[in-house]
Amino acid sequence: MADPSADRACGAGLVQAPAPARLTVLSGPSGVGKSTVVARLRRASPRIWLSVSVTTRAPRPGEADGREYRFVSESDFDAMISSGELLEWAQFAGNRYGTPRAPVEERLASGVPVLLEIDLAGARQVRRAVPGALLVFLAPPSWAELVRRLTGRDTEPPEVIQRRLEVAQVELAAGSEFDITLVNTSVEDVCHQLVALTEAPSGQ
Ligand code: 5GP
């Protein structure tokens with residue numbers, strides 16, 4: 001005789017928990033065009049949730065608190081580190097940036113793919129904290145093109161640009177640590193590839 005509890009054990013009639021979604025990390029040197037790709041991806045695939053980082057840097061013109069970043073004080077950032085609220089955090093060009101852990105974990109558990117756009121140090125921390133995460137490196141078409149993009153940005157003083165170039169050199173060399181490299185020759189193509197990678201179920 002069939003055991004009636006077997007059906008229940010198989011989950012018959014129960015609401016199935018969604019399969020956990022994939023956490024994808026997009027990293028790469030400053031100036032490579034990560035934020036342009038992410039802005040394009042936001043329009044192309046509203047299903048993918050883009051984490052909003054906290055930062056101690058001042059807002060740039062046009063940036064709104066809670067949209068590009070949550071802008072916090074040094075002491076607020078310290079408190080978030082001590083309470084374990086950050087999945088990862090890093091110092092970049094004199095400011096601190098971090099990913100709030102809870103919203104990322106909630107989305108993944110409910111089956112929503114999550115994308116983090118963070119620096120190399122942060123990507124390494126995610127690799128350790130979330131072994132199933134997919135690490136994507138966005139590379140420039142060439143070094144000359146990266147220098148052109150970084151020096152063409154007139155919102156930063158020269159010493160900040162110089163510092164960013166130095167960081168970018170170190171970051172370019174780290175591309176081999178990533179699962180996949182996408183070369184940013186076309187925002188459209190990169191966005192298309194990134195949507196496909198991000199929406200794949202975790203573990204594929
Ligand atoms: P920006 O000041 O130009 O917005 O960002 C500077 C760098 O910080 C970029 O390389 C960006 O990817 C990185 N970044 C932004 N948010 C985070 C974060 O939450 N964690 C880490 N580790 N880096 C971040």
Side-chain angles (χ1 to χ4, degrees), residues 23-42 49-74 76-81 83-105 107-108 114-130 133-140 146-147 149-175 177-178 181-182 184 187 190 194 198:
L23 175 62
T24 305
V25 174
L26 180 67
S27 197
S30 177
V32 76
K34 281 174 292 176
S35 40
T36 310
V37 168
V38 167
R40 180 73 193 82
L41 185 133
R42 193 190 291 277
W49 188 72
L50 297 163
S51 166
V52 178
S53 299
V54 289
T55 182
T56 58
R57 112 158 140 61
R60 294 195 184 115
E63 288 182 334
D65 189 36
R67 193 178 59 198
E68 284 79 10
Y69 287 104
R70 271 171 58 203
F71 297 96
V72 298
S73 65
E74 295 288 348
D76 285 348
F77 202 98
D78 286 340
M80 294 181 92
I81 295 172
S83 62
E85 276 176 67
L86 299 180
L87 175 62
E88 61 74 37
W89 69 272
Q91 182 101 20
F92 184 95
N95 297 300
R96 289 186 292 174
Y97 299 79
T99 303
R101 181 193 303 276
V104 170
E105 289 180 347
R107 258 79 177 191
L108 291 176
V114 172
L115 180 68
L116 310 183
E117 188 245 286
I118 60 178
D119 81 336
L120 176 64
R124 286 186 175 128
Q125 290 170 55
V126 174
R127 164 75 87 212
R128 288 194 295 274
V130 188
L134 181 77
L135 268 58
V136 179
F137 189 79
L138 189 63
L146 185 62
V147 172
R149 289 185 194 180
L150 280 172
T151 51
R153 195 190 255 179
D154 60 4
T155 52
E156 312 283 8
E159 61 275 17
V160 171
I161 291 175
Q162 182 53 38
R163 185 110 174 258
R164 282 175 185 250
L165 279 175
E166 288 162 17
V167 173
Q169 262 174 330
V170 173
E171 291 201 327
L172 266 186
E177 295 172 33
F178 284 67
T181 294
L182 302 179
N184 194 10
V187 173
V190 167
L194 199 54
T198 305

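Start at 1 and go down the list; that is how both ligands and their atoms are numbered.
- Contact between Glu68 and ligand 1 is absent, with no heavy atom of the residue lying under 4.0 Å from the ligand.
- Taking any N or O of Gly98, backbone or side chain, at least one lies under 3.5 Å from an N or O belonging to ligand 1.
- Those atoms of ligand 1 that come under 4.0 Å of a heavy atom in Arg57, given as number and element, are 1 (P), 2 (O), 4 (O).
- The number of heavy-atom neighbours closer than 6.0 Å to CZ of Arg127, taken from other residues, nucleotides and ligands shown, is above 12.
- The Thr99 neighbourhood of ligand 1 comprises atoms 19 (O), with distances under 4.0 Å to a heavy atom of that residue.
- Each of the following atoms of ligand 1 lies closer than 4.0 Å to a heavy atom of Ser53: 16 (N), 17 (C), 18 (C), 19 (O).
- A side-chain donor-acceptor contact under 3.5 Å links Lys34 to the backbone of Gly28.
- Partners of Val147 according to the side chain to side chain contact (heavy atoms under 4.5 Å, CB included) rule, which considers only residues two or more places apart in sequence or in another chain, are Trp143, Thr151, Leu165.
- Comparing Asp119, Val160, Val167 by heavy-atom distance to atom 13 (C) of ligand 1, the nearest is Asp119.
- Within ligand 1, counting atoms from 1 as listed, the ones closer than 4.0 Å to a heavy atom of Gly122 are 22 (N).
- No part of Arg70 comes within 4.0 Å of ligand 1, judged by heavy-atom distances.
- Atom CD in Gln125 sits 8.0 Å away from atom CH2 in Trp89 (nearest 0.5 Å).
- Put simply, no part of Ser30 is less than 4.0 Å from ligand 1, judged by heavy atoms.
- Considering backbone and side-chain N/O atoms, Trp89 never comes within less than 3.5 Å of an N/O atom of ligand 1.
- Residues satisfying the side chain to side chain contact (heavy atoms under 4.5 Å, CB included) criterion with Asp78, sequence neighbours excluded, are Arg96.
- Between the side chain of Asn184 and the backbone N or O of Leu138, no donor-acceptor pair lies under 3.5 Å.
- Of all the heavy atoms of Gln125, none lies under 4.0 Å from any atom of ligand 1, so neither backbone nor side chain is involved.
- For Tyr97, a nitrogen or oxygen atom sits less than 3.5 Å from a nitrogen or oxygen atom of ligand 1, counting backbone and side chain alike.
- The structure places OG of Ser35 at 9.5 Å from CD of Glu68, a figure rounded to the nearest 0.5 Å.
- Residue Arg57 qualifies as enclosed at atom CZ: its count of foreign heavy atoms under 6.0 Å is above 12.
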